[in-house]
Amino acid sequence: AFQRGQFKTAFELWSRALAELGDCQNDDPRVVATLENIVIASLAAGDRRTARVLCERLLRTKNQILDDMDERLADTMYQ
């Protein structure tokens, strides 16, 4: 849908995909990739407000992933 310029449809499809991932943790790569695609579809559809909200969620998710990675790395360094 996105490649055909049907950005609202792409947004809806990606949103459904995210809902299906509901039981997954935020650090699941599928959740991150789906959020990224929803943001892109939102921007392409001209819905900047939704894109901003989703970008903020995406940034929080990525920051949490990096924080967790830093903690695991630090644990291995000092064992």
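Since the structure is predicted, the reported quantities are computational estimates derived from the model, not experimental observations.
Atoms CG and OG, on Asn37 and Ser42 in that order, are 10.5 Å from each other to the nearest 0.5 Å. Atom-to-atom distance recorded for Gln25:CD and Ile65:CD1 is 10.5 Å, nearest 0.5 angstrom. For the atom pair Asp28 CG and Thr34 OG1, the distance stands at 8.5 Å (nearest 0.5 Å).
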**Q.** side-chain contact (heavy atoms from CB on, under 4.5 Å) assessment of Lys62 paired with Arg57
**A.** CA-CA 9 Å; Lys62 287 186 172 188; Arg57 176 179 174 187; over 6 Å; no

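Closest heavy-atom contact between Phe11 and Leu54: CE1-CD1, 4.2 Å. Between Phe2 and Ala44, the closest heavy-atom pair is CE1-CB, 3.8 Å. Residues Leu58 and Val32 come closest through the heavy atom pair CD1-O, 3.8 Å.
Side-chain heavy atoms closer than 4.5 Å link hydrophobic residues (I, L, V, M, F, W, Y) into clusters, and following such links, even through other members, never connects Ile40 to Leu35. Under the 4.5 Å side-chain heavy-atom criterion for ILVMFWY residues, no single connected hydrophobic cluster contains both Leu13 and Leu18.
Other residues, nucleotides and ligands contribute more than 12 heavy atoms inside 6.0 Å of the CD atom of Glu56.
Residues Glu12 and Gln6 have side chains not in contact (no heavy-atom distance under 4.5 Å, counting atoms from C-beta outward).
Salt bridge status for Glu20 with Arg30: absent, with no side-chain N to carboxylate O gap under 4.0 Å.
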